[in-house]
There are 2 protein chains.
Amino acid sequence: MATDRPLTAKGLATRARIVAAAADLVFHRGAAQVALADVQAAADVSGSQLYHYFTDRDDLLRAVAVHRAAELVANQGPVDTLPALRAWVEANIALIAADNAAGGCRLGSLVPQLAETDPQTRATLSTAFHDWIAHLAAGLTTMTATGVLPPTADPHRLATLLVAALEGGILLAQAQRDITPMRTALEAALDHIASLATSP
Amino acid sequence: MATDRPLTAKGLATRARIVAAAADLVFHRGAAQVALADVQAAADVSGSQLYHYFTDRDDLLRAVAVHRAAELVANQGPVDTLPALRAWVEANIALIAADNAAGGCRLGSLVPQLAETDPQTRATLSTAFHDWIAHLAAGLTTMTATGVLPPTADPHRLATLLVAALEGGILLAQAQRDITPMRTALEAALDHIASLATSP
DNA sequence: ATTTTTCTGGGTTGCTCACCCCAATACGGT
DNA sequence: ACCGTATTGGGGTGAGCAACCCAGAAAAAT
């Protein structure tokens, strides 16, 4: 019976260790290839501990999605100038290139793997993407206010293009084990935004 | 022992029925949730028949990837004018919208599910995407030749943007069960291409 | 210091699954 | 019609897995 009470600091640390271990395994192998015994070994916990903190396998995978969404939020910086936007692109490319796109996107690759199985996980992912697009749109809105982009530019439209190009680019890179399609797609998206920019 | 000899027409039909059934189940449930017994039931074959045609589970999933890639090729029409490109976008949106994005992209969603498990399946998917981008790039190249797009336009860059926006858009739509992000991403990509067009 | 609560340890269970065996039937070629 | 090959049928096996049990140790509360 998974615990519903507030956890002590120690319990929180153990739980977090389990989620981090699971997230790492899911990233490297794909969710279907990760047995709970693998997570136990990686986190150095017993089966009882695992079930102390999580109701079942799906509960753990939900926690992985939450973990990845929280990671994304933690790594968000302001993206309210074109140089900041380019830096955002480069940081994402560098992150994926470090593994030669193996494992794909830590957040995005969870969608095809878990969305059809667990509505709660899908909801978590849905919210994460919604918020991510909103965050980028806020930055682009700032750029319309500062005159970098014209008032006719649609920040939400552009932010959606950026996130879609990013996720689609990562998926192509994962298939091809080559960062180039990700870079190409994002550069083309930046081309579009730059073409709308009002100052050189 | 799966058969390596040429199959009779009847054998080919049975094998195709199995692959189609598997592809359908993988699309609706995700690969990890599809047991071989499910495929057997859906294709109305026994376990022996399944192993007569396929070495093992991975062999069958490879065949699913090949099937999906072939489907994509069969559905390709020329995309060498802006109206044809818009029609391509609308057809893809309609296809995904028909299921409210459940199951995601029939081809693209296989990448996060299978690419880390089976190098052969990943190679199949890699080739499929490479060829798809090449096909779109060929159409865009025609547009530079006909003067629709300027000679400075890079067809491969634009084609990569289109496929990435499509796949990323579908992934967002799958998470959110809403076709809007897919449409938004693709429309923004079309905006960019239209902004390069030399004729009104 | 004692009691209560939380966390951890070390297994077991039985179900599901992928895979495989043996045999029968159907089909194609001569 | 007969023979060889291809296809199909009807199971069985055991490994791996998720889930769970019982009990003890550690930590927190009184």
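Lettering follows sequence order; numbering is per chain, from 1.
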Using heavy-atom distances to pick each residue's nearest nucleotide on DNA chain D, tell me which of A:Arg57 and A:Ala9 is more 5'.
A:Arg57
Among [options], which nucleotide sits nearest the side chain of [X]?
X       : options               : answer
A:Thr14 : C:dC7, C:dT8, D:dA19  : C:dT8
A:Tyr51 : C:dC17, D:dA19, C:dC7 : D:dA19
B:Lys10 : D:dT7, D:dG9, C:dC17  : D:dT7
B:Gln49 : C:dT8, D:dT7, D:dG9   : D:dG9
A:His52 : D:dA19, C:dT8, C:dA18 : C:dT8

Round to a whole Å and report the spacing from [atom1] of [X] to [atom2] of [N].
X       : N      : atom1 : atom2 : result
B:Asp44 : D:dT7  : CG    : C1'   : 14 Å
B:Phe54 : D:dT7  : CZ    : P     : 12 Å
A:Leu7  : C:dT5  : CG    : C1'   : 13 Å
B:Leu12 : C:dC27 : CG    : P     : 16 Å
A:Leu36 : C:dG11 : CG    : P     : 19 Å
B:Leu60 : C:dC20 : CG    : C1'   : 17 Å
A:Arg17 : C:dC7  : CZ    : P     : 12 Å
A:Leu50 : D:dA19 : CG    : P     : 10 Å

With a cut-off of 6.0 Å (strictly less than), are more than 12 heavy atoms of other residues, nucleotides or ligands near CG of A:Asp44?
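For A:Asp44, atom CG is not crowded (no more than 12 foreign heavy atoms under 6.0 Å).
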Could you give the distance from CG (A:Leu61) to OG1 (A:Thr124), rounded to the nearest 0.5 Å?
11.5 Å
Any side-chain N or O of A:Thr8 under 4.0 Å from OP1/OP2 of C:dT5?
no
Is the shortest distance from a Lys or Arg side-chain nitrogen in A:Asp118 or A:Arg57 to a carboxylate oxygen in the other one below 4.0 Å?
no
Please determine if B:Glu187 and B:Arg86 form a salt bridge, counting it only when a charged side-chain N lies under 4.0 Å from a carboxylate O.
no
B:Glu116-A:Gln174 side chain donor-acceptor pair, cut-off 3.5 Å:
yes
